[in-house]
Structures are given as C-alpha cells and as structure tokens.
Amino acid sequence: MQIIVMHPRFSRSRSITLASRHILLLLLLLITVLMGLSSVLTYAVLRRAATGDAPFLRNVLGLSVNQDGDRKEKYVKENLTLMAIKLGEMQAQLIRLDALGERVQGLAGVRPEEFNFKKMPGRGGASSTTPAVVPGISEMQKLLDALATDVSRRSDYMNVVETTLMSDKIKTRLLPTKQPVNVGYNSSSFGWRLDPFTGGNAFHEGLDFPASVGTPIYAAAAGVVMASEYHPQFGNMVEIDHGNDIMTRYAHASALFVKVGDIVSRGQHIADIGTTGRSTGPHLHFEVRIRGVAQDPKKFLALGGSPGKALPEFVRR
C-alpha cells in the first residue's frame, strides 16, 4: 500500500509505502487503545455509581442484581411450597399410621404402656466429631421423597399385619375354646375306656361333664346350628358348625333352646343337661370334630384361658 503526501512546504511530493505488517501493527495498536479507553470508561462509570454521584447508573445496575435475586427467591419459594405440600401429605399418613398402629397393638394384645404411639422413642449417643452438613434444597427434596415412600410402604405392611391379626382373632372366636358347662371336672375323658353298658374296651370320642338336670349348656364358640334333634344314642343333641370344618356336639340334654339354622354366639345358652339317650345319669357329652374326625376337646378348651397361645396349624391354613 502506497500513500502520497503533498504539501506547499514540500518542494516535491513524498510517498510512504506501507507493507501488510505495518497495517497489522496499526490495527493492533488501534484495538489496544480502544480496549484501554473502554476499561477506563467502565471503571469510571462503576465508581461513580458506587459513590452515588450517578443515581441513574446505580438504578440500572441495581435492576440486574435485583432480577437475579428475585429469580432465586422465586425458586426457593416454589421449592418450599412443594416441600410443605409433601410434609402435609406425610403428616396425614403418619396420623393414619398411628391410628393403624394402635389398632394393631390392641389386636396383638400389647399393653399401651409398653408401646405408646403418642410419645417419641428415646434416642441418644456420643457426639460426632464430623462437622454437621446442612443439606441443600435438592437434597432435602430427595430425603422427603425417600421418607414418603418409606412411610407408604410401612403403612401397607401395617395394613397386612392388621388384616392377619383380625383374621386370627375371628378364627379364635370361632374355635370351641369355652367350656360348655360350669363344672370343675369331667367324669370321662377322650380316648379308650371301659364301656359303661357293655364293660368292653371302647373309644370315647368326647368329654363327659356330670351335673344336675337343668344345668345350662353353653355354645363353646360362635357358629350355625346344623342339628337340634333327638338321636337314639345321644338323646337330645345339638350340633354347631363353626367354620373351618370344625363342628361341636352337645348330647344327652333334657331341653333344647335352638333350632336348625340359628346363628349362635359364643357362650349362648343352647340347652340344659339331662340324661336322654344312651346315658347312665345326667351329664353333658361334648365332642369336637374336624372334617368329621373326633378330636380331644381338652386341647381346644386349654386355649380358652390363654389368648396368647398360637392357633392350631389347621386353623392358620
């Protein structure tokens, strides 16, 4: 590149030749000067805004800072609202879980003073040398989500436990565990014995409770009356179906107070002791049968005074 310079003071024109490197150096110098001027101008503007000499500049710069602060505040408020909603849901679940736990506690026979759902359990331990770390909002949200899932899972588990305990309690009430007559002993036990009529060895399929005529006979468990009739061997008798293939028989009664199809409750007065049928004297012949097979009634009556005992295997199935 060639530049021609002409001036009256010059006797003749002069020419200046600029190479590419000269142009590049000039451009670099120009850029450096512009950057320097820009830095100086920025410094001056910020200093005046900070000292209060230029309120307009301070307002413009403050607007950007306030916008960032507003966005952060909005983010925090939104997350706090979500966490508050989650905490409200968890609180409702915990109240429900407490009520469910109290019901399960009652069904399981646990005393309230041994396991009180209204009080916080004791906790403690040595102080940690590791400095405490306060979780951020995202970490808190993850913790709340995990806790909500855990509470829901435990609630489902407690529902299953309550259903199982309730089922066992119902089955227990349907077991013939109440002694059918208020006498202190039985005159003939379950098993082999000498027949009182023939004198031969015979298997006795129940228990005999001796008592005076007219002594009340009570249902050993709740159920449905399947027979209320006179039988040549058992005399006046009542048969009750208790479900789970369990049936009880009350024989040799003097009077019957229920009829076929009646639903009887545990301990209901169903008959009076007598000496009808094949009998040597007033007594109650009491049988327990499972799927038609005679069982020893004593193993059921033994459960009547021990609610903590496990149910027999055939009932749990």
Side-chain angles (χ1 to χ4, degrees), residues 169-198 200 202-305 307 311-312 314-315:
K169 189 169 185 177
I170 292 173
K171 288 179 179 178
T172 301
R173 290 186 177 275
L174 295 176
L175 286 178
T177 58
K178 177 176 175 57
Q179 187 160 306
V181 63
N182 293 326
V183 296
Y185 70 100
N186 57 280
S187 58
S188 185
S189 298
F190 179 86
W192 292 98
R193 67 170 185 176
L194 294 177
D195 189 282
F197 289 94
T198 65
F203 192 85
H204 188 229
E205 296 183 334
L207 295 178
D208 288 345
F209 296 95
S212 59
V213 174
T215 301
I217 299 172
Y218 305 103
V224 179
V225 177
M226 303 304 293
S228 179
E229 61 191 13
Y230 181 84
H231 188 279
Q233 299 291 324
F234 298 113
N236 293 325
M237 73 164 191
V238 174
E239 291 181 351
I240 301 177
D241 184 356
H242 305 286
N244 286 308
D245 298 318
I246 302 174
M247 183 270 288
T248 54
R249 176 178 291 157
Y250 312 80
H252 308 304
S254 61
L256 306 178
F257 303 116
V258 292
K259 61 183 182 298
V260 175
D262 285 352
I263 298 175
V264 298
S265 58
R266 175 185 171 90
Q268 180 176 330
H269 184 192
I270 59 173
D272 286 342
I273 283 183
T275 183
T276 57
R278 193 171 183 266
S279 170
T280 61
H283 73 285
L284 166 67
H285 173 77
F286 176 62
E287 291 183 11
V288 177
R289 291 180 175 269
I290 299 176
R291 300 184 185 94
V293 180
Q295 307 289 323
D296 186 356
K298 284 185 178 179
K299 69 181 181 181
F300 291 92
L301 298 179
L303 296 173
L311 295 176
F314 65 85
V315 179

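This is a predicted model, so every value here is computed, not measured. Computed over heavy atoms, backbone and side chain alike; hydrogens, waters and symmetry mates excluded.
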(message) To check you understand the geometry: which heavy-atom pair defines the closest contact between H283 and P210, and what is its length?
(response) CB-CA, 3.8 Å
(message) Show the nearest heavy-atom pair for residues L175 and R266, with the distance to one decimal.
(response) O-NH1, 3.7 Å
Do [X] and [Y] come within less than 4.5 Å of each other through their side chains, counting heavy atoms only?
| X | Y | value |
| --- | --- | --- |
| T248 | V288 | yes |
| V238 | F257 | no |
| V258 | Y250 | no |

(request) Could you name each residue pair satisfying side chain to side chain donor-acceptor pair (under 3.5 Å) that touches residues 219-234, not counting sequence neighbours? (result) none
Contacts table for residues 267-275: side-chain donor-acceptor under 3.5 angstrom, sequence neighbours left out:
residue, atom, partner, partner atom, Å
Q268, OE1, S265, N, 3.0
H269, NE2, A271, O, 3.0
H269, NE2, D272, OD1, 2.7
T275, OG1, S279, OG, 2.9
T275, OG1, G281, N, 3.4
T275, OG1, G281, O, 3.3

(message) Measuring from atom OG1 of T177 to atom NZ of K299, what distance do you get when rounded to the nearest 0.5 angstrom?
(response) 14.0 Å
(message) I need the M237 CE to R249 CZ distance, nearest 0.5 Å.
(response) 5.5 Å
Donor-acceptor pair, side chain of [X] and main chain of [Y], under 3.5 angstrom:
| X | Y | answer |
| --- | --- | --- |
| N236 | A253 | yes |
| Q295 | P297 | no |
| H252 | T276 | yes |

(request) List the steps and the verdict of salt bridge (Lys or Arg N to Asp or Glu O under 4.0 Å) for R289 and E205. (result) CA-CA 9 Å; R289 291 180 175 269; E205 296 183 334; 2.3 Å; yes
(message) Using the salt bridge (charged side-chain N to carboxylate O under 4.0 Å, His left out) criterion, which residues pair with K298? Sequence neighbours excluded.
(response) none
(request) With sequence neighbours excluded, tell me which residues meet salt bridge (charged side-chain N to carboxylate O under 4.0 Å, His left out) with D195. (result) R278
(message) Y185: which residues meet the ring pair (Phe, Tyr, Trp, His ring centres under 6.0 Å) condition with it, sequence neighbours left out?
(response) none
(request) List the steps, then state whether side chain to side chain contact (heavy atoms under 4.5 Å, CB included) holds for L207 with L301. (result) CA-CA 11 Å; L207 295 178; L301 298 179; 4.1 Å; yes
Hey, can you pull the donor-acceptor pairs under 3.5 Å for the side chains in residues 211-220, sequence neighbours left out?
residue, atom, partner, partner atom, Å
S212, OG, T215, OG1, 3.3
T215, OG1, S212, O, 2.7

(request) If the plane angle is over 60° it's perpendicular, under 30° parallel, otherwise tilted; pick one for F234 and H285. (result) parallel
